[in-house]
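Worksheet for the structure shown next.
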Protein chains: 2
Amino acid sequence: MTEQQFRYCGLNVALKALTGKWKPVVLFHLFHNADIRSNELWRVIPKVSKKVLLEQLRQMEDDGLILREERHHFPPEVYYRLSEKGKALGTALVGLEAWANEHAPAQVADILAQEKHPPLSGQEK
Amino acid sequence: MTEQQFRYCGLNVALKALTGKWKPVVLFHLFHNADIRSNELWRVIPKVSKKVLLEQLRQMEDDGLILREERHHFPPEVYYRLSEKGKALGTALVGLEAWANEHAPAQVADILAQEKHPPLSGQEK
DNA sequence: CAAGAAGGTCACCTGCAGGTAACCCGGTCA
DNA sequence: TGACCGGGTTACCTGCAGGTGACCTTCTTG
C-alpha cells in the first residue's frame, strides 16, 4: 500500500490546476466560447474582482491552460482562449459534470438557482 | 452568455466534493482497496492529523461518497469504503489522471518524487 | 486638455481550511 | 489498577486564498 505508487498523483496535478475559486467558470466560458476579452469576463462573472480574476488567469496561463493574446494595442484588447491542454482538460471535466448530474442533481439545481444572478443591472450583450 | 445556464454547475458540485486537502488521497486509497480502517488511513497518509482526516472523512460521508462501518465494538474497528457514488466519482477522475499524465507529466513526476515519504518508520503491511 | 476607458498593479484586510496538542471513552491485558 | 490501544473530540492558532478600493498607463475623443 505504501510503495504502490498510487496513481492519484496525476489527479493532484489536475486538481491543482483547477484550484482557484473562479477557474472552473473561466474554463467553461472559454470552453464554450473560444475567445473572450478579459473585460468581458469580469462583466460576465459578476462577483469577482479584477485582481483576483487576473491572478487566476495568470495562474492558468502559467499552467498552460489558457493563452493570452493582445490584439490592437489601442484600445487595449486582451483575449484569452484555451490552449490544447486547456481544451483537453475541459473535455476531461465533462465526466465530472456528468457525474454530478447523475449523482447529485439536487445540488446542481441549487447552484443553478443561486447562479441566476438575477439583478444584473445592465447589458444583456 | 449570461442566461445560457452554462453547464459548469455540475462541475462545481463535483469539485466541491473533492475540496479538501486529503480527499483525493482518501478517495484513491479506497478506490483501490475497497476497505480501510481509519487508523490504517492515518498511518498510510503520513502527514495528516487525526482531526483533519476525520473532518474530511465526515464530509465525504455527508456527501455520500463513502460509507462508515463499525465492526466489532472492541477493539474499535471502523472501516471506510466507497459508496456507488464514490466509485462513480473515482471512475470519472480517471479521466483527470489521464489528462495530467498526458499534459503535465513533469509535475506528476514531481509529486511522485515528494510522495516517496521515504522514512515511514515501520510496518510495510 | 480633461475625462474616460481597457488592462493592470499595489497596499491592505479577513475568513476559514487546515494544523497542533491535549484529553475523553470503552475495553483489554499484564 | 494503571498503562495502552483504537477512535474520536475539544480549544486554540496560523497562513494564505480571496476580497476591496485606490491608483497607474496608454490612448481616444469632445
Side-chain angles (χ1 to χ4, degrees), chain A residues 1 12 15-27 29-30 35-63 65-81 114-115 117 122-123 125, chain B residues 1 12-27 29-30 35-63 65-81 114 117 121-123 125:
Chain A
M1 173 157 307
N12 265 353
L15 290 177
K16 207 168 296 168
L18 289 167
T19 283
K21 195 163 170 186
W22 307 99
K23 285 183 192 174
V25 212
V26 170
L27 200 65
H29 275 293
L30 293 180
D35 224 14
I36 304 197
R37 300 253 305 282
S38 56
N39 221 352
E40 223 173 320
L41 266 178
W42 60 57
R43 224 178 289 123
V44 154
I45 306 179
K47 312 213 45 160
V48 70
S49 66
K50 291 199 229 186
K51 195 205 83 174
V52 174
L53 183 53
L54 253 302
E55 270 172 18
Q56 313 242 337
L57 288 171
R58 287 278 147 74
Q59 290 172 25
M60 293 173 79
E61 209 191 334
D62 291 349
D63 287 342
L65 298 180
I66 63 176
L67 302 168
R68 212 185 86 106
E69 182 187 353
E70 309 194 6
R71 295 208 183 147
H72 25 343
H73 192 252
F74 207 86
E77 285 193 352
V78 178
Y79 285 79
Y80 292 94
R81 65 198 156 85
Q114 302 164 19
E115 211 72 43
H117 34 75
Q123 79 322 329
K125 180 341 176 359
Chain B
M1 173 155 307
N12 265 353
V13 173
L15 290 177
K16 206 166 296 169
L18 289 167
T19 283
K21 196 164 171 186
W22 307 100
K23 286 184 192 175
V25 213
V26 170
L27 201 64
H29 275 292
L30 293 180
D35 225 13
I36 304 196
R37 301 254 304 282
S38 57
N39 220 354
E40 224 174 318
L41 266 178
W42 61 60
R43 224 179 289 124
V44 153
I45 307 180
K47 314 212 47 159
V48 70
S49 66
K50 291 198 229 186
K51 193 205 85 175
V52 174
L53 183 53
L54 254 302
E55 269 172 17
Q56 313 241 337
L57 288 171
R58 289 278 147 74
Q59 289 172 25
M60 295 174 78
E61 210 192 332
D62 291 349
D63 287 343
L65 298 180
I66 63 177
L67 303 168
R68 210 185 87 106
E69 181 186 351
E70 310 195 7
R71 293 203 186 153
H72 24 343
H73 191 254
F74 208 85
E77 285 193 347
V78 177
Y79 285 79
Y80 292 94
R81 65 198 157 85
Q114 302 164 19
H117 35 76
S121 43
Q123 76 326 328
K125 185 320 180 15

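None of the values given here were measured: they were computed from a predicted structure.
With contacts defined as side-chain heavy-atom distances shorter than 4.5 Å, the pair B:H29/B:E40 does not qualify. With contacts defined as side-chain heavy-atom distances shorter than 4.5 Å, the pair B:L27/B:M60 qualifies. With contacts defined as side-chain heavy-atom distances shorter than 4.5 Å, the pair A:L41/A:V25 does not qualify. A:L53 has its side chain out of reach of A:S38: every pair of non-hydrogen atoms, C-beta onward, lies at least 4.5 Å apart.
For A:E70 and C:dA6, the CD to C1' distance is 11 Å, given to the nearest whole Å. Rounded to a whole Å, the CH2 atom of A:W42 is 11 Å from the C1' atom of C:dT9. When rounded to the nearest whole Å, the span between CG of B:L54 and C1' of C:dC24 equals 14 Å. Following rounding to the nearest Å, A:L18 (CG) and D:dA17 (C1') show an atom-to-atom distance of 16 Å. Between the P atom of C:dG7 and the CD atom of A:E40 lies a distance of 9 Å, rounded to the nearest Å. Atom CZ of B:F74 is separated from atom C1' of D:dG6 by 7 Å (rounded to the nearest Å). The CD-P distance, from B:Q56 to C:dG19, rounds to 8 Å in whole Å. In this entry the distance linking CZ of B:R37 with C1' of D:dC5 reads 10 Å, nearest Å.
Counting any heavy atom pair closer than 4.0 Å across all strands shown, A:R58 reaches sugar-phosphate atoms only and no base atom. Among the protein residues, B:Y79 comes within range of no part of the nucleic acid, since none of its heavy atoms lies under 4.0 Å from any strand. Across all strands shown, A:V78 has heavy atoms under 4.0 Å from sugar-phosphate atoms exclusively, and none from any base. Among the protein residues, A:E77 comes within range of the sugar-phosphate backbone only, with heavy atoms under 4.0 Å from sugar or phosphate atoms but none that close to a base. If you check every strand for non-hydrogen atoms under 4.0 Å, A:S49 touches a base.
When distances run from any side-chain atom of B:K51 to the nucleotides C:dG7, C:dC12, C:dG18, the shortest one goes to C:dG18. Closest to the B:W22 side chain, of the nucleotides C:dG19, D:dG7, D:dG18, is C:dG19. The nucleotide whose nearest atom lies closest to any side-chain atom of B:P76 is, among D:dG7, C:dT28, C:dA6, D:dG7. Residue A:K50 places its side chain closer to C:dG7 than to any other of D:dG7, D:dC5, C:dG7.
Between A:V26 and the options A:V48, A:L65, A:I45, a side chain to side chain contact (heavy atoms under 4.5 Å, CB included) holds for only A:I45.
Of the residues near DNA chain C, B:E55 and A:S38, the one whose nearest nucleotide (by heavy atom distance) lies more toward the 5' end is A:S38.
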